[in-house]
Q: 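This is the structure I want to talk about, given as structure tokens.
Residue numbering restarts at 1 for every chain, and letters A, B, ... go by the order of the sequence lines. Basis for what follows: all heavy atoms, side chains included, without hydrogens, waters or symmetry-related copies.
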Protein chains: 4
Amino acid sequence: MPRQVDREARRGEILAAAVRVFARHGYADSRIEDIAREAGMAKGSVYLYFSSREDLLRAAFDGMSTRSEELIAEVGRHPGDTSERLAFLVRSVLALLTRERDLARVLLDVWSAGARKPAWVDMAAFYQDYRAAVAALLDARDEDGTEPSVAPYEHATVLVGAIEGCVLQWLFDPSVDLATLAEPIVTLLVPRTR
Amino acid sequence: MPRQVDREARRGEILAAAVRVFARHGYADSRIEDIAREAGMAKGSVYLYFSSREDLLRAAFDGMSTRSEELIAEVGRHPGDTSERLAFLVRSVLALLTRERDLARVLLDVWSAGARKPAWVDMAAFYQDYRAAVAALLDARDEDGTEPSVAPYEHATVLVGAIEGCVLQWLFDPSVDLATLAEPIVTLLVPRTR
Amino acid sequence: MPRQVDREARRGEILAAAVRVFARHGYADSRIEDIAREAGMAKGSVYLYFSSREDLLRAAFDGMSTRSEELIAEVGRHPGDTSERLAFLVRSVLALLTRERDLARVLLDVWSAGARKPAWVDMAAFYQDYRAAVAALLDARDEDGTEPSVAPYEHATVLVGAIEGCVLQWLFDPSVDLATLAEPIVTLLVPRTR
Amino acid sequence: MPRQVDREARRGEILAAAVRVFARHGYADSRIEDIAREAGMAKGSVYLYFSSREDLLRAAFDGMSTRSEELIAEVGRHPGDTSERLAFLVRSVLALLTRERDLARVLLDVWSAGARKPAWVDMAAFYQDYRAAVAALLDARDEDGTEPSVAPYEHATVLVGAIEGCVLQWLFDPSVDLATLAEPIVTLLVPRTR
DNA sequence: TATGAATGAGTATTCATTCAT
DNA sequence: AATGAATGAATACTCATTCAT
């Protein structure tokens, strides 16, 4: 019997290596061989777990999107009113990306690749869901009937945009302190519950 | 010097063709031959005006950044108080990108490539200048000494981020109406002058 | 020695599986893994019985050539005169290949590989022996001293060629009825004993 | 303007080089690089004229089949009765292959590849046409109403088979004198006109 | 014996760039 | 200036074979 292997664990190791390499050189300049070396194995072994180089990038995106969805689900269980929940979301997302800097850097490649291949990764759906979740929270806040100055869906678009746009700036320029930006975003874009 | 004029015009045609091709397939999947064909000339001729494929992407970015800088300069000459100037900036940027959709799509590739090669295109500097200009406007507004709830530079980061983040969402999903998002951004993030 | 018997049986199973796979996809497009799966075992196990992929093809050829030699030997024991013996040979060969269609299809690969590697499989010797056996039969018929219109060895070459050439056509086109071709070959190429 | 090139001539040179290389090592063991070197050019240049390695093999077959068809057409214009025409066909085919030994050696690869990929090269159709042409000649001979001992189509199959089968033996064993075999084949398989 | 995970040599193909005309 | 034929470096992926268990 051959060496017993935990396929999922092995897959995870390779993916983690790939994320590190993608973060370092960018997807376009990352060679399968680099990834294999980073994972401490031979080129061919990568293909036992991933069907192609592109498959690795997709898996990286899947990981991110899964985490995001978990985060959004967690927000629903967060104590406090909707303002507090939105604040929690903003802080959590930025904290997550600050922590997982490599994953965040890969975002740039995922964005670029995802925009061209809707069949490959449904970026549109991902952001639609994201906006919808935020809009639902914003809307809940207005149950009292007060008319907000900005419609919830547009407000959600701007809030989501501000998060992503701050991440973008941080990726280009590490002197931008991402974690610290949570408070300005909350202050400016999360309406206080009356 | 008619030769000189010709040369610039030819360069412009090629760059425009490149932008169309990049927008369609993405930089990674755009071949020099595609660009030459789109520009109605032979492959080799492209090299008489651009030194490499990457040079075309850089030129596309240069075009964008020049336009942005012009826009920012224009903002300074815009009549009205700082709130109106900021509103004008937001509207102008979004209108520009809505109009130049191809250029906007190339942004994804520029971001991705720019993040890896600081020497190639100084994305950090570009956004630093962008933020600085916005922060200056925000700061001007507070000359009276009132303490704003969010420091100007952070506020600028969030405002710039919101713009870029809304563009991002629009690029993935054309059902997001970019031009229309100007008002929510203005309402939410441009402080009204007292 | 039951172990020994087991071993031979196992080898036979694998070889049979290989022949089926080779017949289906051709040697060039047959993977060791396909053969192992067809034989109901793991890839590595194949190597316990055959030293390489090529070894399987050689073994397939060996099987065919052994059968052919048996057939030729049997012809010597066949009752009747030489005409009848030759007729029996033609019919037997064509019947054998009709029955073992998979083996026949592998012939194409064996021919192709065999022509390049004399050391690997001695195709030249095989056909030399084949022709010699047929020529001997043809010659025997002429013991009376009558001069035949075609020398025995050349006649044998044409007869063997006709058999192989009919097989070839049948392999390309199943609508060619191989078994039925035995009679035309016999009529045209096996001289009647006077 | 770039160097002027006769595309057809260049294609021909490369194909000729490919045939030499295929003849030497067999298709399976021929590298594109070997072919390029044999043709005195760089690897990439081969792809300016042929879309793939397989395309080269197909082109080799196309060349052969075109020549064969020309030969068959020529037979129709050959003076003499049908016996003489058939004899001419047999002699011409064997002379052609004797002359073009490299092309003949590639036959083995073409047979092997062609049998697996009907869409790629229609071997069945090629031999059907071949048989039909020969059968037509055999049939013409019987216009007087005499019943032949073997039906024309089967006779044609055997005659075509004998030719191919002799070629096969010659390919394995150069001591088989192919050109010389024309007479035995004619004597044995081409019915004399009464 | 049997297994199947791991290996890494091997190669077809692509395409940016060059340069002779 | 313009062309497009030629180049050859670069690389994803395959798969026969090995070997630890």
Q: Please compare A:Gly40 and B:Ser30 by the position of their nearest nucleotide in DNA chain E and report the one closer to 5'.
A: A:Gly40
Q: Within the structure, does a side-chain N or O atom of D:Tyr47 lie under 4.0 Å from either OP1 or OP2 of F:dG8?
A: no
Q: Under 3.5 Å, is there an N or O donor on one side and an acceptor on the other linking the side chain of B:Lys43 and the base of E:dT17?
A: yes
Q: Please check the phosphate of F:dA6 (OP1 and OP2 only) for any side-chain N or O of D:Arg10 closer than 4.0 Å.
A: yes
Q: Grab the CD-P distance between C:Glu33 and F:dT17 for me, whole Å please.
A: 14 Å
Q: Expressed as a whole number of angstroms, how long is the span from C:Arg31:CZ to F:dT14:C1'?
A: 8 Å
Q: Looking at every strand, decide which applies to B:Phe50 at a 4.0 Å heavy-atom threshold: base, sugar-phosphate, or nothing.
A: nothing
Q: Just how far, in rounded Å, is P of E:dT1 from CZ of C:Arg7?
A: 6 Å
Q: Looking at D:Ser45, does any N or O in its side chain come under 4.0 Å of the phosphate oxygens OP1/OP2 on F:dT7?
A: yes
Q: Could you check which of E:dT7, F:dA12, E:dG4 has an atom nearest any side-chain atom of A:Ile32?
A: F:dA12
Q: Between A:Ser45 and A:Met41 (side chain of the first, backbone of the second, donor and acceptor by atom type, cut-off under 3.5 Å), is there such a pair?
A: no
Q: Just how far, in rounded Å, is C1' of F:dC15 from NE2 of C:His25?
A: 15 Å
Q: Are any of the side-chain nitrogens in C:Arg11 or C:Asp6 under 4.0 Å away from the carboxylate oxygens of its partner?
A: no
Q: What is the separation between atom CG on A:Asp6 and atom P on E:dG4, rounded to the nearest whole Å?
A: 16 Å
Q: Would one find a side-chain N or O of A:Tyr49 under 4.0 angstrom from OP1 or OP2 of E:dA5?
A: no
Q: Students often get this wrong, so: under 4.0 angstrom with heavy atoms, is B:Leu48 touching a base, only sugar-phosphate, or nothing?
A: base
Q: In whole angstrom, what separates B:Arg58's CZ from E:dA16's P?
A: 16 Å
Q: Looking at B:Asp122 and B:Pro118, would you say the former's side chain and the latter's main chain have a donor-acceptor pair under 3.5 Å?
A: no
Q: Return the value, rounded to whole Å, for the distance between atom CG of C:Asp29 and atom C1' of F:dA16.
A: 15 Å
Q: Report the C-alpha separation of D:Ser112 and C:Tyr27 in whole Å, then their side-chain angles, then the decisive distance to 0.1 Å, and conclude whether the side-chain contact (heavy atoms from CB on, under 4.5 Å) test is met.
A: CA-CA 9 Å; D:Ser112 179; C:Tyr27 174 71; over 6 Å; no
Q: So, for A:Leu171 and A:Ala104, which heavy atoms are closest and what is the spacing to 0.1 Å?
A: CD1-O, 3.6 Å
Q: Pairing check on E:dA6: which nucleotide meets the Watson-Crick or G-U wobble criteria with it, both distances under 3.5 Å?
A: F:dT17
Q: Atom CZ of B:Arg116 and atom CZ of A:Arg105: how far apart are they, to the nearest 0.5 Å?
A: 5.5 Å
Q: Tell me the partner of F:dA9, counting only Watson-Crick (N1-N3 plus N6-O4 or O6-N4) or G-U wobble (N1-O2 and O6-N3) with both under 3.5 Å; none if nothing fits.
A: E:dT14
Q: Check the distance between E:dA5's P and A:Arg11's CZ and give it to me in whole angstrom.
A: 15 Å
Q: Which residue, C:Glu54 or B:Met41, contacts DNA chain F at a nucleotide closer to its 5' end, judged by nearest heavy atom?
A: B:Met41
Q: OP1 or OP2 of E:dT11 sitting under 4.0 Å from any side-chain N/O of D:Arg53?
A: no
